[in-house]
Amino acid sequence: MNQERDRYQELCALLWHHSYRYHVLDDPEISDPAWDRLFRELQAIEARHPDWVEPDSPSQRVHGQVASGFSRVTHELPMLSLDNGLDEPAVRAFDARVARLLEASDPVEYTAEPKYDGVAVELLYEHGTLRLGSTRGDGRTGEDITHNLRTVRAIPLRLRGEHPPDLLEVRGEVFMPLAEFARVNQARLEASEEPFANPRNATAGTLRQLDPSVAASRRLDIRIYATGRGGDELGAGSYLEMLERLAALGFKLTSPVEASRGIDAAVDFHRQLESQRASLPYEVDGTVIKLNAFDLRERLGELERSPRWAIAYKFAPQQETTQIREIRAYVGRTGVLTPVAVLEPVHISGVTVAHASLHNQDEIERLDVRAGDRVFVERAGDVIPHVVKVVTSKRPATALPYRLPEQCPRCGTDTIRLEGEVAVRCPNLGCPAQVRERLRHFASRDGLDIDGLGGKRIDQLVERELVRLPSDLFSLDLESLSGLERMATKSAENLLEAIERARDVLLGRLLYALGIRHVGKRIAGVIAQHTRSLEALQHAESQELEAIPEVGPTIAESLRAWLADASNAQELERLGQLLRIAPPPEPELAAAPLSGRVFVITGTLSEPRTRLQERIQAAGGKVTSALSQHTDYLVAGENPGSKLRKATELGVEVIAEPELRALIETAEPTGSG
Ligand code: IVH
């Protein structure tokens with residue numbers, strides 16, 4: 001009993017530690033399956049001893065009943081908002097005002113950091129345990145959304161460190177990363193639900209749910225940037241010091257935060273951030289500039305709604321107006337017709353936008369958008385531009401309402417709209433557009449990663465009836481390729497080589513490449529981890545599939561139905577014969593000699609970089625793009641460029657591919673496969 005109790009406590013500590021490594025530091029130490037095993041062990045003990053379970057146990061992210069409403073929460077210290085600076089002169093005027101009020105003759109020290117576009121929340125900790133999570137509301141009164149905030153993995157349910165303040169309030173922004181936003185919206189479309197307009201709405205919509213399992217199923221994230229009550233007890237004299245204390249308590253902080261004397265560096269930071277904006281994995285809408293020193297902040301004080309010591313330097317808007325030339329319907333992999341607005345090209349924050357998605361027929365009707373309309377188009381981060389609003393006052397008299405076609409624009413088959421579904425489909429599985437998109441997905445980077453097999457090539461192959469199914473790719477030869485336009489012998493050889501390389505494939509990649517509805521990249525990996533072989537997958541029953549963590553009935557049913565289809569089964573059988581399918585590596589900490597080692601790859605190598613990267617990761621290693629003192633090895637191929645010199649300067653060991661192979665081989669457990 002005592003032993004079990006000790007083990008229970010040890011498991012809690014281990015799981016908190018690894019959760020922190022994964023969700024806060026973004027630097028895991030163990031594999032997902034290893035985590036699953038610890039977690040299941042914990043759950044088994046908790047099932048035997050329900051009285052041991054504390055609300056801050058790692059198993060209690062989804063905790064308590066479905067709420068019946070939201071109770072009001074008073075913010076003892078009001079949650080202020082920020083003054084906006086819309087351009088550089090406004091920000092310089094802010095600096096001048098600060099200097100004047102402080103009677104400072106030398107430049108003052110500011111910090112600059114991203115302004116996250118999400119939902120502001122406050123978290124209240126008592127004796128190191130999360131007690132209450134609330135929205136900002138009007139700044140004085142918000143709503144209790146504890147049940148949903150508990151599901152955000154980057155929010156600690158219990159603080160780290162020995163002596164957290166008895167009472168501590170922290171404030172930050174909860175948001176939905178863009179990839180998750182895309183996944184959630186895709187699922188909503190497929191379930192005939194209205195997609196969210198943008199990640200901020202998706203975040204707010206998720207936090208407003210009464211049932212915490214909804215929030216648990218969507219991966220929200222958070223960054224902390226301020227304290228409420230108890231902040232003083234951290235004993236910090238400046239913002240940077242405060243952030244350091246908060247990091248030690250286990251919080252995921254706003255980042256990067258740059259401190260500098262004078263406003264110039266903050267203006268530079270803003271420019272840089274704006275240039276990186278489109279490649280960030282979440283939405284930011286500007287830079288927040290704050291005074292670093294707390295005594296100076298205090299001297300400036302606060303106005304009714306915002307402090308005098310900070311300003312939000314907003315990015316130029318990402319909306320423009322333009323005209324719709326025409327509306328076209330594109331046929332996707334699964335036969336769904338997606339209406340797309342072809343636009344009069346327009347520049348939106350540095351990018352030319354010529355197309356915008358209109359999602360589906362319902363969305364077209366909701367917006368009442370027509371060819372010829374003048375519209376507002378918005379580009380948000382990486383998300384495909386979309387039409388926000390129609391300027392109906394400018395509508396030409398000739399503009400008619402648009403309906404998705406009753407015949408497939410590609411193959412002419414009558415389209416269908418299933419009962420209760422938003423999507424209009426072409427039901428012809430042999431439709432050239434679907435065949436093309438399925439092949440494209442199969443060969444895509446996250447699929448079998450066949451270099452040189454893009455949309456144009458696939459069109460040629462399909463048109464010549466050389467390829468219809470993915471398995472057909474493996475019967476291509478020089479002769480069949482020779483007649484194709486713009487296909488020199490050299491490029492034909494390269495393509496055949498790339499196809500040959502693709503025969504070695506991980507089960508998860510193959511599963512993803514098949515393009516089965518609801519089976520995305522991550523889920524495919526999870527399913528492969530559990531089924532481990534093609535045979536096991538082919539014979540898996542719905543129930544077995546559903547027993548896999550994260551695989552719900554929708555995914556299981558979609559996969560089972562796909563496998564049960566005779567032509568799919570036949571194709572999978574063929575692929576099984578043509579490919580060498582490897583089970584996913586099981587990176588055990590002990591059996592992973594690369595664990596904790598950091599690699600940088602440079603130069604031209606014998607296989608795509610992503611493959612090498614996967615192998616290193618499978619052996620427990622980590623791959624980063626930039627060299628630093630933390631790098632252990634530089635893997636150098638041909639023409640390594642400047643990294644080689646930098647590695648020598650830093651004293652980083654330089655190795656070639658054969659040496660890397662040797663390192664990895666010792667990592668692969670013998671006798672498995
Ligand atoms: S500081 C009193 N830092 O912007 C200062 N706010 O327009 C407290 N926001 O309500 C806010 N990122 O929701 C701060 N790095 C950041 C932020 C940030 C986003 C939000 C926050 C605030 C709003 C003000």
Side-chain angles (χ1 to χ4, degrees), residues 73 75-86 90-91 94 98 110-123 133-143 145 149 152 154-155 169-177 198-201 203-204 207 220-232 236 238-240 242-244 246-247 251-259 266 269-270 272-274 276-277 280-294 296-315 317 380-381:
V73 173
H75 302 296
E76 297 295 335
L77 292 179
M79 289 179 75
L80 298 180
S81 130
L82 295 168
D83 252 357
N84 285 336
L86 296 181
V91 171
F94 159 78
V98 168
Y110 293 109
T111 58
E113 67 191 81
K115 182 171 190 300
Y116 301 91
D117 195 5
V119 173
V121 301
E122 181 170 74
L123 306 169
S134 54
T135 58
R136 174 172 177 272
D138 64 4
R140 316 251 154 195
T141 319
E143 284 177 329
I145 50 164
L149 289 176
V152 178
I155 293 181
E169 287 169 348
V170 298
R171 292 159 178 190
E173 203 85 356
V174 174
F175 57 87
M176 187 178 282
N198 55 48
R200 181 165 22 83
N201 287 4
T203 308
L207 293 177
L220 297 176
D221 204 344
I222 191 167
R223 297 293 183 274
I224 301 295
Y225 48 64
T227 56
R229 287 180 296 165
D232 291 347
S238 70
Y239 186 45
L240 288 186
M242 180 191 95
L243 292 175
E244 239 170 69
L246 291 176
F251 290 110
K252 193 166 188 179
L253 305 176
T254 169
S255 164
V257 181
E258 261 179 41
F269 179 98
H270 180 77
Q272 268 220 345
L273 188 66
E274 186 154 26
Q276 294 162 357
R277 183 178 187 187
L280 290 175
Y282 42 76
E283 288 212 41
V284 294
D285 57 351
T287 305
V288 183
I289 303 174
K290 305 173 183 174
L291 268 182
N292 188 29
F294 284 169
L296 299 187
R297 284 189 181 187
E298 212 157 301
R299 275 174 54 197
L300 286 185
E302 278 139 18
L303 300 173
E304 175 62 19
R305 296 195 50 242
S306 54
R308 278 208 192 85
W309 45 261
I311 189 165
Y313 185 0
K314 301 282 283 261
F315 291 138

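Just the heavy atoms: all of them, side chains too, but no hydrogens, waters or symmetry mates, feed the values below. Each ligand, and each atom within it, is numbered from 1 in the order the structure gives.
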Are more than 12 heavy atoms, taken from residues, nucleotides or ligands other than Glu298, located less than 6.0 Å from that residue's CD atom?
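Count not over threshold, so no.
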Only heavy atoms of Val288, strictly under 4.0 Å: list the atoms of ligand 1 that pass.
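That gives atoms 3 (N), 15 (N), 16 (C), 17 (C) of ligand 1.
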Where ligand 1 meets Pro307 - atom numbers and elements under 4.0 angstrom, heavy-atom basis:
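The atoms of ligand 1 under 4.0 Å from a heavy atom of Pro307 are 2 (C).
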Considering heavy atoms of the protein only, find what lies nearest to [atom] and give residue, atom and distance to 0.1 Å.
{"atom": "atom 5 (C) of ligand 1", "answer": "Leu82 CD2, 3.7 Å"}
{"atom": "atom 19 (C) of ligand 1", "answer": "Tyr116 O, 3.2 Å"}
{"atom": "atom 13 (O) of ligand 1", "answer": "Glu173 OE1, 2.7 Å"}
{"atom": "atom 11 (C) of ligand 1", "answer": "Tyr225 CE1, 3.7 Å"}
{"atom": "atom 8 (C) of ligand 1", "answer": "Leu80 O, 4.3 Å"}
{"atom": "atom 23 (C) of ligand 1", "answer": "Lys115 NZ, 4.0 Å"}

For Tyr225, run the side-chain hydrogen bond (donor to acceptor under 3.5 Å, both in side chains) check against Glu113, Glu173, Lys115 and tell me which one passes.
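Only one of Glu113, Glu173, Lys115 forms a side-chain hydrogen bond (donor to acceptor under 3.5 Å, both in side chains) with Tyr225, namely Glu173.
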Do you know which of Glu169, Arg140, Glu122, Arg229 makes side-chain hydrogen bond (donor to acceptor under 3.5 Å, both in side chains) with His75?
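Looking at Glu169, Arg140, Glu122, Arg229, the match for His75 under the side-chain hydrogen bond (donor to acceptor under 3.5 Å, both in side chains) is Glu122.
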Touching ligand 1 at all, Ala310? Heavy atoms, strictly under 4.0 Å?
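No, that is not the case, since the closest heavy atom of the residue is not under 4.0 Å from the ligand.
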Could you tell me if any non-hydrogen atom of Pro114 lies under 4.0 Å from any atom of ligand 1?
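Contact present.
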Backbone N or O of Leu86 within a donor-acceptor pair of the Asn84 side chain at under 3.5 Å?
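Pair absent, no side-chain N/O of Asn84 close to backbone of Leu86.
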Could you tell me whether [X] and ligand 1 have an N or O pair separated by under 3.5 Å?
{"X": "Lys290", "answer": "yes"}
{"X": "Trp309", "answer": "no"}
{"X": "Glu113", "answer": "yes"}

Are Thr254 and Leu243 packed together at the side-chain level, in the sense that at least one heavy-atom pair is separated by less than 4.5 angstrom?
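They are in contact (side-chain heavy atoms under 4.5 Å apart), so the answer is yes.
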State, with a plain yes or no, whether a side-chain heavy atom of Val257 is found less than 4.5 Å away from one of Tyr239.
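SC-SC contact between Val257 and Tyr239 confirmed.
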Quick one: list whatever passes side chain to side chain donor-acceptor pair (under 3.5 Å) with Arg136, sequence neighbours left out.
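Side chain to side chain donor-acceptor pair (under 3.5 Å) list for Arg136, sorted by chain: empty.
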Tyr110 and Phe94 aromatic ring geometry - parallel, tilted or perpendicular at 30°/60° bounds:
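Aromatic pair Phe94/Tyr110 classed tilted.
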Parallel, tilted or perpendicular: ring planes of Tyr116 versus Tyr282, cut at 30 and 60 degrees:
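Geometry flag for Tyr282 against Tyr116: tilted rings.
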